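A quick note: this is a predicted structure, and the numbers were derived from the prediction, not measured. Residue numbers start at 1 and run along the sequence shown.
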Amino acid sequence: MISMAHVAEWKKDTVASLEDIIKNNKTVAVVRVDMIPGRQLSILRHQLRDHIHFKVAKKSLIKIALENQKDNKADVEALGDMLEGQA
């Protein structure tokens with residue numbers, strides 16, 4: 001019998017949210033923000049609030065969402081190959 005690993009509900013919610021963003025927006029970008037100081041990131045988020053949807057997530061969850069949406073959006077899976085940083 002194969003045992004399925006338990007996945008935290010917040011991770012499932014994050015992946016679902018990311019998939020929704022990928023599916024419902026014309027343009028999707030992935031940006032590394034771990035080297036941006038918190039104050040600057042806060043200012044950027046505030047200034048861009050009316051223009052972009054800004055979502056911070058773990059790299060592994062982003063990769064799962066991109067993989068799950070590869071059939072709905074051309075070349076979106078390739079974004080996952082470009083992710084760098086901590087695992």
Side-chain angles (χ1 to χ4, degrees):
M1 183 167 120
I2 297 175
S3 174
M4 299 294 284
H6 173 74
V7 177
E9 200 61 37
W10 69 268
K11 289 182 180 181
K12 293 177 186 177
D13 293 343
T14 299
V15 170
S17 175
L18 291 169
E19 287 182 26
D20 186 54
I21 291 168
I22 294 166
K23 183 174 28 174
N24 295 317
N25 290 281
K26 183 178 176 182
T27 304
V28 176
V30 178
V31 180
R32 185 174 174 179
V33 296
D34 64 329
M35 301 300 282
I36 300 174
R39 177 78 177 130
Q40 277 186 304
L41 187 57
S42 178
I43 291 168
L44 277 172
R45 289 180 81 152
H46 178 73
Q47 290 175 341
L48 298 173
R49 181 164 295 156
D50 296 331
H51 306 286
I52 65 169
H53 185 91
F54 195 97
K55 176 92 172 159
V56 178
K58 295 173 73 80
K59 181 173 77 169
S60 58
L61 300 179
I62 295 170
K63 282 187 174 188
I64 292 168
L66 291 169
E67 171 72 24
N68 291 346
Q69 290 299 309
K70 68 182 179 184
D71 293 334
N72 296 331
K73 201 157 267 212
D75 298 328
V76 76
E77 187 181 16
L79 285 174
D81 296 335
M82 297 179 200
L83 294 176
E84 297 178 353
Q86 296 179 348

Would a hydrophobic clustering, with Ile, Leu, Val, Met, Phe, Trp and Tyr connected at side-chain separations under 4.5 Å, put [X] with [Y]?
X     : Y     : answer
Ile62 : Val56 : no
Leu83 : Leu79 : yes
Ile36 : Val31 : yes

Which value, rounded to the nearest 0.5 Å, describes the distance between [X] atom [atom1] and [Y] atom [atom2]?
X     : Y     : atom1 : atom2 : value
Gln40 : Met35 : CD    : CE    : 12.0 Å
Ile52 : Thr27 : CD1   : OG1   : 11.5 Å
Lys63 : Lys58 : NZ    : NZ    : 13.0 Å

Considering residues, nucleotides and ligands other than Asn24, do more than 12 of their heavy atoms fall under 6.0 Å from its CG?
->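 Counting neighbours around CG of Asn24, more than 12 heavy atoms of other residues, nucleotides or ligands fall under 6.0 Å, so yes.
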Which residues satisfy the salt bridge (charged side-chain N to carboxylate O under 4.0 Å, His left out) test with Lys73, sequence neighbours excluded?
-> none
Hey, are the side chains of Asp34 and Lys59 touching, using non-hydrogen atoms and a 4.5 Å cut-off?
->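 No, every pair of side-chain atoms sits at 4.5 Å or beyond.
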Pair listing, salt bridge (charged side-chain N to carboxylate O under 4.0 Å, His left out) test, anchored in residues 4-19, at least two apart =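 Sorted pair list comes back empty.
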Can you tell which of Val15, Leu18, Ile22 makes a side chain to side chain contact (heavy atoms under 4.5 Å, CB included) with Leu66?
->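 Exactly one option meets the side chain to side chain contact (heavy atoms under 4.5 Å, CB included) with Leu66, and it is Ile22.
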